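Notes follow once the structure below has been shown.
What you see is a predicted model, and the numbers here were worked out from it, not measured in a lab.
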Amino acid sequence: MPGDRKERYQKYETPQEPKDLNADIMNVQETAYVLSCSVRTVHRRLNELGLKRKPGRTVVTTRADRQALLEDSLTQPSRPTAPRRGRQGQGRKQLMPLAA
């Protein structure tokens with residue numbers, strides 16, 4: 001079973017080069033390749049834009065969908081990042097004076 005997860009990732013979560021860059025319809029993996037992003041980003045942006053898909057079916061995008069995804073990615077960042085936690089903001093520790 002552990003190898004099955006890796007195979008699924010390779011098949012569904014990896015962007016794939018499309019056979020035809022000018023195709024009217026592409027699947028999500030090909031769309032991710034064309035837009036130079038991850039497959040998860042394509043799924044998230046489709047949901048954000050309200051481009052509904054039928055559950056259980058292969059998700060495909062049309063030229064208009066890809067154009068909307070591209071325009072959306074140019075107008076806003078892909079995902080707001082949370083500030084990192086940890087030592088950031090604590091400043092440097094003061095050094096102890098050297099004994100003479």
Side-chain angles (χ1 to χ4, degrees):
M1 282 274 167
D4 184 45
R5 174 175 258 171
K6 185 176 180 180
E7 291 171 15
R8 280 191 66 215
Y9 177 82
Q10 290 293 329
K11 185 174 182 181
Y12 296 111
E13 297 294 326
T14 305
Q16 298 173 356
E17 185 174 3
K19 295 174 186 167
D20 180 16
L21 288 172
N22 296 320
D24 289 332
I25 296 176
M26 290 185 187
N27 64 23
V28 177
Q29 292 82 13
E30 294 169 339
T31 302
Y33 182 88
V34 169
L35 297 177
S36 300
C37 64
S38 70
V39 174
R40 288 181 184 248
T41 300
V42 173
H43 279 291
R44 188 174 62 245
R45 292 228 184 249
L46 286 171
N47 289 335
E48 287 173 0
L49 292 174
L51 302 173
K52 299 294 181 189
R53 302 290 178 238
K54 294 182 181 179
R57 306 250 176 136
T58 301
V59 178
V60 294
T61 59
T62 62
R63 279 185 196 216
D65 293 344
R66 290 191 299 273
Q67 186 65 34
L69 289 170
L70 180 63
E71 289 172 0
D72 183 57
S73 67
L74 293 175
T75 59
Q76 66 178 353
S78 60
R79 178 179 248 180
T81 57
R84 290 185 171 188
R85 295 185 179 217
R87 295 183 62 182
Q88 198 172 21
Q90 293 177 355
R92 292 181 166 225
K93 292 183 181 178
Q94 292 187 355
L95 296 175
M96 302 298 285
L98 293 176

- Heavy atoms only: give me the nearest T61-R66 pair and the separation to one decimal. O-NH1, 3.1 Å

- Would M26 end up clustered with V39 when hydrophobic side chains under 4.5 Å apart are linked, directly or stepwise? no

- side-chain hydrogen bond (donor to acceptor under 3.5 Å, both in side chains) against D24, all qualifying residues, sequence neighbours excluded: R63

- Using the rule that two of Ile, Leu, Val, Met, Phe, Trp, Tyr join whenever any of their side-chain heavy atoms come within less than 4.5 Å, decide whether V59 and L69 are in one cluster. yes

- Query: CZ/R45 to CG/D65 distance, rounded to the nearest 0.5 angstrom?
  - Reply: 14.0 Å

- Test applied, side-chain contact (heavy atoms from CB on, under 4.5 Å); reference residue, T31; option that passes from V34, N27, L35: L35

- C37 to V42 - nearest heavy-atom pair and separation: SG-CG2, 3.6 Å

- Query: So if you build clusters from Ile, Leu, Val, Met, Phe, Trp, Tyr with side-chain heavy-atom gaps below 4.5 Å, do L49 and V28 land together?
  - Reply: yes

- Query: According to a 4.5 Å side-chain heavy-atom criterion applied to Ile, Leu, Val, Met, Phe, Trp and Tyr, with indirect links allowed, do I25 and Y33 form part of one hydrophobic cluster?
  - Reply: no

